[in-house]
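I have placed the structure first, in the form of structure tokens, so that the comments after it can refer back to it.
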Amino acid sequence: GKSGYDHYMLKEIHEQPRALRQCLSGRVDERRGEVTLSELEGLETPSAVHLVACGTSYHAALYGVQLFHSLGIPAQAFLASEYATGVPPLGDSLVVGITQSGETADTLSALREARARGARTLAVTNVVGSTAARECDYALYIRAGPEIGVAATKTFSSQLVSLNLLVEYLAGDQRSSEERRAVLQTLRDLPGRVQQVLDESMAEEVAAEYLGADGYFFIGRGLNYPVALEGALKFKEITYEHAEGFAAGELKHGTLALVTENTPVFAVVTGEDAPAKKTLGNVREVESRGAPVIAVTDDDQIERYADASLRVPSGSARVAPVLVNVQLQLVAYWVANALGRSIDKPRNLAKSVTVE
Ligand code: M6R
């Protein structure tokens, strides 16, 4: 059942702290700086990685790419439906299929194509015994628990955390034990922080304030770029309103022409480093066109530039996207709810897409 929530989606958004604890359970020893992923025994650190996925899982792949890059491992994300039409040179890349259902036809055929060319394959999936899990050489389970809502919510968060575990597991001596301990501590603290976001979110108020706009934009940079894309996808999927996500810096290369006083911009800005400063510059660009700006942020300073803000607890830039995403899930949910949409089963969509 929905345990008192009006929709499975809202229930599943609220289940995220538990889903993440399950994902981490027994896999992380933050004191010793060790990650145990028994299902990956024998998997060696790859020299390069291709990540293939669709939809929300593709956004997780884009995030994963940046984690691999932080290890010095070349990585690329591909839309699964494009991968098979022109498989890029594989070398001895590990091909990682990210698919919560393990049954998405496009992702399965990308993985089959890679296998046919001799690549090692790994499925990152929620479903034990799914086709992807059975067909790949390895399967890493994200352990989010069953997700009924068509919109992927807790499975996305669990994918991001699982990718963190995967990368730390493969890091070998690329990471000092001190670095690894710090990352693992951050992951350990994450479920509590997600709970804090859920308890304190102002997303319902923000949703009410910006109903009826012409369109909605989501911008972010670096690790926050994939969640800007994901924020927009979730928004279109369940509200049926027009939304688009962008790399913050890309906005001025065309899309800025669409920005008006009736297109709210959700600007994801976390951390205090150079990327955040640059995104602030992009915030000013949209503001000077009169667009309302909603900062999704861990920084008080940014609030001065924004018309509204959705706060996340400050801390590691690496996990901030998980926190930010919870706020964006809630905004999409509350807008869809106000519009009376069919939130758990949006029109035209299916939970798992088994045709190419
Ligand atoms: O089961 P998968 O992770 O392979 O599904 C891929 C996409 O169909 C899926 O993520 C879809 O985009 C979401 N339901 C959107 O919320």
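Predicted model only: the values in this text are computed from it and were never measured.
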Verify the ring-centre separation between H242 and F235: is it less than 6.0 angstrom? no

Any side-chain heavy atom of S177 within less than 4.5 Å of one from R32? no

Validation row: L323, P313 side chains within 4.5 angstrom (heavy atoms): yes

So, do V52 and V96 sit near enough that their side-chain heavy atoms are less than 4.5 Å apart? no

Please say yes or no: joined through hydrophobic side-chain contacts below 4.5 Å, possibly via intermediate residues, are L10 and I343 part of one cluster? yes

Nearest heavy-atom approach of N126 to G145 is ND2-O, 3.0 Å

Measuring from I98:CD1 to Q100:CD, what's the distance to the nearest 0.5 Å? 12.0 Å

So, the side chain of S309 versus the backbone of A295: is there a donor-acceptor pair under 3.5 Å, distance only? no

Any V206 side-chain heavy atom under 4.5 Å of F266 side chain: yes

Kindly say whether A144 contributes a backbone atom to a donor-acceptor pair with the side chain of K154 at under 3.5 angstrom? yes

Please walk me through it: do V265 and I219 pass side-chain contact (heavy atoms from CB on, under 4.5 Å)? CA-CA 7 Å; V265 177; I219 61 171; 4.1 Å; yes

Do Y225 and L233 belong together in a cluster built from hydrophobic side chains that touch within less than 4.5 Å? no

Single-linkage hydrophobic cluster, 4.5 Å side-chain cutoff, L187 and Y141 together: no

Hey, quick one: are L328 and L198 part of the same hydrophobic cluster, counting side-chain heavy atoms closer than 4.5 Å, chains of contacts allowed? yes

Would you please test R221 and T279 for side-chain hydrogen bond (donor to acceptor under 3.5 Å, both in side chains) and show each step? CA-CA 7 Å; R221 187 179 283 273; T279 304; 3.2 Å; yes

With under 30° as parallel and over 60° as perpendicular, where do the rings of H50 and Y83 fit, or are they tilted in between? perpendicular

So V167 and L71, side-chain contact (heavy atoms from CB on, under 4.5 Å) or not? Walk me through it. CA-CA 8 Å; V167 164; L71 275 188; 3.7 Å; yes

Per the side chain to side chain contact (heavy atoms under 4.5 Å, CB included) rule, which among S25, S162, P191 passes with L20? P191

Let me confirm one number: the CD-OG distance from E356 to S81, rounded to the nearest 0.5 Å. 9.0 Å

From CA spacing to verdict: side-chain hydrogen bond (donor to acceptor under 3.5 Å, both in side chains), E244, T255: CA-CA 10 Å; E244 278 188 79; T255 312; 5.2 Å; no

Test side-chain hydrogen bond (donor to acceptor under 3.5 Å, both in side chains) applied to T56 and K234, step by step: CA-CA 8 Å; T56 293; K234 210 95 310 175; 3.0 Å; yes

Over 12 foreign heavy atoms within 6.0 Å of CD, E205: yes

Kindly indicate whether a cation-pi arrangement holds for R347 with Y240, taking the cut-offs as under 6.0 Å to the six-membered ring centre and within 45° of the axis. yes

Quick check on R284: does its CZ atom have over 12 non-hydrogen neighbours (other residues, nucleotides or ligands) under 6.0 Å away? yes

Kindly say whether L184 contributes a backbone atom to a donor-acceptor pair with the side chain of E168 at under 3.5 angstrom? no

Side chains of L40 and L122, heavy atoms from C-beta outward: is any pair under 4.5 Å? yes

Considering only NZ, NE, NH1 and NH2 on the basic side and carboxylate oxygens on the acidic side, decide whether R341 and E241 come within less than 4.0 Å. yes

Can we say E285 and R289 salt-bridge, meaning some charged N sits less than 4.0 Å from an Asp/Glu carboxylate O? no

Can you confirm whether E200 sits close enough to R311 that some side-chain heavy atom of one is under 4.5 Å from a side-chain heavy atom of the other? no

Report the residues that fulfil side-chain hydrogen bond (donor to acceptor under 3.5 Å, both in side chains) with Q195, sequence neighbours left out, ordered by chain and then residue number. D199

Check for a donor-acceptor pair, side chain of T121 on one end and backbone N or O of D137 on the other, with a separation under 3.5 Å. yes

Of all the heavy-atom pairs spanning K2 and D344, show the shortest one and how long it is. CE-OD2, 4.5 Å

Examine distances only and state if a side-chain atom of T186 and a backbone atom of A182 form a donor-acceptor pair shorter than 3.5 Å. yes

Pair E250-H253, side-chain contact (heavy atoms from CB on, under 4.5 Å): steps then yes or no: CA-CA 5 Å; E250 186 63 12; H253 298 288; 3.6 Å; yes

Could you pull out the closest heavy-atom pair between V296 and T270, with the gap in Å? O-CG2, 4.4 Å

So, the side chain of R193 versus the backbone of D189: is there a donor-acceptor pair under 3.5 Å, distance only? no

Should the heavy atoms of other residues, nucleotides or ligands under 6.0 Å from CZ of R175 be counted, would the total exceed 12? yes

Considering all heavy atoms, the nearest A291-D307 contact: O-OD2, 4.1 Å

Qualifying residue for salt bridge (Lys or Arg N to Asp or Glu O under 4.0 Å) with K351, from E12, E103, E147: E147

Side-chain heavy atoms of L24 within contact of L165, under 4.5 Å: yes

Above 12 or not: heavy atoms from other molecules or residues under 6.0 Å from NZ of K236? yes

Residue pair A60 / L163: nearest heavy atoms and the distance that separates them: O-CD1, 3.2 Å

Nearest-0.5 Å distance that lies between atom CG in L111 and atom CG in D106: 11.0 Å

Got a salt bridge between E30 and R181, using NZ or NE/NH1/NH2 to carboxylate O under 4.0 Å? no

OH of Y63 to CZ of F156, rounded to nearest 0.5 Å, is 9.0 Å

For the pair D214 and T263, evaluate side-chain hydrogen bond (donor to acceptor under 3.5 Å, both in side chains) and give the outcome as yes or no after the intermediate values. CA-CA 6 Å; D214 292 341; T263 58; over 6 Å; no

So how far is it from S93 OG to L51 CG, rounded to the nearest 0.5 Å? 10.0 Å

Within the side chain of T104, is there an N or O that forms a donor-acceptor pair under 3.5 Å with the backbone of T107? no

Kindly indicate whether the side chain of L43, heavy atoms from C-beta on, has any atom under 4.5 Å from the side chain of L94. yes

K11 bridged to D6 by N-O distance under 4.0 Å: no

I'd like to know if the side chain of D298 reaches the main chain of G271, judged simply by a donor and an acceptor atom lying under 3.5 Å from each other, with no hydrogens or angles considered. yes

Interatomic spacing from CD in E287 to CG in N282 - rounded to 0.5 Å: 11.5 Å

All heavy atoms of P264 vs all of I294, minimum pair found to be CB-CD1, 3.8 Å

Got a donor-acceptor contact below 3.5 angstrom from the Y216 side chain to the Y210 backbone? yes

When clusters are formed by joining ILVMFWY residues with side-chain heavy atoms under 4.5 Å apart, either directly or through shared neighbours, do V293 and V335 land in the same one? no

Taking the basic N atoms (NZ, or NE/NH1/NH2) and the acidic carboxylate oxygens, is any pair closer than 4.0 Å for R21 and E15? no

Backbone N or O of V127 within a donor-acceptor pair of the T125 side chain at under 3.5 Å? yes

